[in-house]
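What follows is a set of notes on a single structure, which appears directly below.
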Amino acid sequence: MRTSKKVVAWGMVLSTVMLTLSGCGSNNASTTSPTTKPVESAKATEGAKAEGTKLAGDFEIQYFVGGYGDAWWKQAIADFQKQNPDLKIKESAGAKINDQMKPRWLQGNPPDFVYIDGAGSNTRQMVTDDQLMDITDWLKDAKNVDGKKILDLLIAPPEEYKPGKAFAVPLVFGSWGTFYDKALFKSKGWEAPVDFQSFMALGEKIKADGKMSDYIHTGVYPYYINGALLDPTIIAMNNYDTSISKKINTLEKGVWKSEPVMKALDKIVQIRDKGLIDKASPALNHTDSQSQWLQHKAAFIPTGIWVESEMAKDIPAGFEFGFLPSIGQDKGGKFVANPYTSTVGIAKKAKNPEAAKAFMQFIFTEKQSKLWAELSKAPSNIKADLEGTNAPALTKEAAKFYNSPNTVVAPEIVIPEELVTARNNATIALTKGEITPQQWADRMEEATDKIRAKEKK
């Protein structure tokens with residue numbers, strides 16, 4: 001699973017979908033002052049240090065281990081260690097690492113390098129809390145170990161949480177969406193929907209069949225339905241003008257009550273009121289709902305393209321993953337791909353910042369992108385051609401949508417953690433029929449007003 005996170009200029013970007021990190025590790029700390037020189041890797045080759053560079057001292061890497069697993073992290077860190085034998089690398093990793101490491105961040109004793117993903121992590125919040133290093137000047141000309149400029153290799157550029165400033169670099173590129181079993185649909189003679197109207201029509205047919213629900217979602221983690229259904233529908237209802245994402249990210253007053261948002265909320269209400277949402281949804285978490293979906297207790301589920309990797313042990317024989325970027329667009333409209341990215345950054349109080357920069361130069365390469373795709377079974381944010389790799393069919397299918405002129409790739413919604421919580425609570429209340437769209441919008445405007453007031457202080 002993952003949490004939140006760009007304005008991406010797309011058109012041609014994704015003939016290369018790729019991959020990014022997944023984690024592994026031990027746990028524990030950082031230490032000692034490094035005795036290093038700045039990394040100069042313009043003429044270096046993959047896996048080799050730049051001439052004159054000497055990395056030493058303790059170097060700690062924190063990374064979350066979730067749906068992407070930890071195979072890529074283990075491999076990347078082991079290879080980096082071989083190239084830098086004088087470094088003493090410590091890995092702080094695991095499914096609960098964000099909560100476990102939080103006290104150290106608050107006490108000013110953070111790791112050097114951090115992968116920001118999973119529950120309890122939020123890049124924007126870390127920037128607001130002044131926990132990440134400003135890498136703007138360094139990143140401007142930073143080159144990877146192949147001598148290629150890192151910024152030129154990115155699908156999604158770094159988010160400017162402060163105007164003109166870069167604090168983190170997107171490493172993982174993925175997409176929310178609605179998933180189904182192609183094999184099931186073939187056996188039933190069902191056509192995958194291409195818009196909201198065909199989704200609702202098929203939903204009525206599935207409901208009448210009486211053997212499964214139409215749509216199941218993760219009520220315990222409502223950001224799944226926000227990312228896969230609400231956000232892309234907002235873009236579609238704004239006539240595919242993605243600028244509304246920036247209005248949301250900048251906390252523009254009144255945006256939650258705007259017409260596109262209200263129309264998108266109404267689509268959720270229509271699904272709810274037609275009885276197409278599985279009644280168990282509000283009580284389920286992501287893996288429980290995904291497990292029930294895999295067992296054909298529901299035809300559709302909102303999740304991310306990490307689902308195949310995350311549920312690998314539970315996939316029934318013959319199951320064939322199908323992917324739809326969005327289902328909220330009206331008839332004749334385009335698909336909307338709502339991306340998510342997970343970033344990496346360097347702690348402002350890092351004890352070995354040069355090793356952290358060198359590691360960033362080591363991982364942002366085409367080689368690592370392909371390795372990520374194969375080991376984590378998902379795309380990264382580094383441009384690379386996945387043809388000829390062992391990347392799963394689902395990842396390649398998603399790439400086809402990203403490359404299609406019939407798909408709009410939207411900027412990512414990146415809002416403060418406090419507002420993420422407010423939106424999650426409002427959405428689950430909406431799906432349960434406890435509040436109206438207007439009350440949803442009222443809640444969001446009130447929560448946003450409070451955050452805006454805090455940020456002015």
Side-chain angles (χ1 to χ4, degrees), residues 16 18-23 30 34-63 72-91 111-116 123 132-159 165-173 341-348 350-373 375 380-384:
T16 80
M18 345 156 340
L19 12 149
T20 156
L21 287 95
S22 128
S30 64
T35 54
T36 61
K37 296 179 181 179
V39 178
E40 301 171 358
S41 56
K43 297 182 180 179
T45 57
E46 178 78 16
K49 300 190 297 294
E51 185 178 352
T53 298
K54 176 72 171 178
L55 297 174
D58 287 359
F59 174 45
E60 184 177 11
I61 301 171
Q62 174 185 330
Y63 57 89
W72 180 88
W73 283 103
K74 288 179 180 293
Q75 184 69 58
I77 292 172
D79 290 345
F80 185 68
Q81 177 72 85
K82 289 178 183 177
Q83 299 302 322
N84 298 279
D86 294 329
L87 275 179
K88 183 180 179 182
I89 301 177
K90 292 187 177 183
E91 300 174 39
D112 301 291
F113 183 94
V114 59
Y115 168 55
I116 307 169
T123 306
L132 297 180
M133 179 183 294
D134 180 348
I135 57 174
T136 309
D137 292 338
W138 174 78
L139 186 61
K140 198 177 301 180
D141 298 309
K143 294 177 180 177
N144 67 13
V145 292
D146 292 331
K148 295 183 179 181
K149 196 172 179 180
I150 292 175
L151 287 177
D152 291 343
L153 292 174
L154 303 181
I155 297 171
E159 177 73 28
K165 296 291 184 179
F167 294 87
V169 185
L171 179 62
V172 178
F173 180 91
T341 60
S342 296
T343 64
V344 292
I346 300 170
K348 184 174 183 179
K351 298 178 179 65
N352 200 339
E354 295 305 332
K357 291 175 183 177
F359 186 61
M360 195 172 289
Q361 292 170 300
F362 183 80
I363 63 177
F364 278 94
T365 65
E366 295 167 68
K367 175 182 176 180
Q368 292 298 332
S369 175
K370 292 178 179 180
L371 191 63
W372 167 261
L375 295 179
S380 81
N381 191 44
I382 308 160
K383 299 175 187 176

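Residue numbers start at 1 and run along the sequence shown.
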Separation between [atom1] of [X] and [atom2] of [Y], rounded to the nearest 0.5 Å:
| X | Y | atom1 | atom2 | value |
| --- | --- | --- | --- | --- |
| Lys90 | Asp58 | NZ | CG | 5.5 Å |
| Lys357 | Ile346 | NZ | CD1 | 6.0 Å |
| Ile150 | Trp138 | CD1 | CH2 | 4.5 Å |

Could you tell me if the side chain of [Y] sits less than 4.5 Å from the side chain of [X], heavy atoms only?
| X | Y | value |
| --- | --- | --- |
| Trp72 | Leu371 | yes |
| Glu91 | Ile77 | yes |
| Thr343 | Pro158 | no |
| Thr123 | Leu132 | yes |
| Leu139 | Leu151 | yes |
| Phe359 | Leu87 | no |
| Asp112 | Ile61 | no |
| Val169 | Met360 | yes |

Donor-acceptor contact below 3.5 Å, side chain [X] vs main chain [Y]:
| X | Y | answer |
| --- | --- | --- |
| Lys149 | Lys140 | yes |
| Thr341 | Pro170 | no |
| Asn144 | Phe362 | no |
| Gln62 | Val114 | no |
| Asn352 | Ala56 | yes |

Specify the closest pair of heavy atoms between [X] and [Y], including all atoms of both residues, with the distance to one decimal.
| X | Y | value |
| --- | --- | --- |
| Leu154 | Lys383 | O-CE, 3.2 Å |
| Ala76 | Gln368 | CB-OE1, 4.0 Å |
| Phe364 | Leu153 | O-CD1, 3.6 Å |
| Met133 | Pro353 | CE-CB, 3.7 Å |

With sequence neighbours left out, write down each residue that passes side-chain hydrogen bond (donor to acceptor under 3.5 Å, both in side chains) with Lys165, or none if nothing qualifies.
Asp134

According to side-chain hydrogen bond (donor to acceptor under 3.5 Å, both in side chains), who are the partners of Gln75, at least two apart in sequence or on a separate chain?
Asp79

Going by salt bridge (charged side-chain N to carboxylate O under 4.0 Å, His left out), name the residues that satisfy it together with Asp152, two or more places apart in sequence or in a different chain.
none

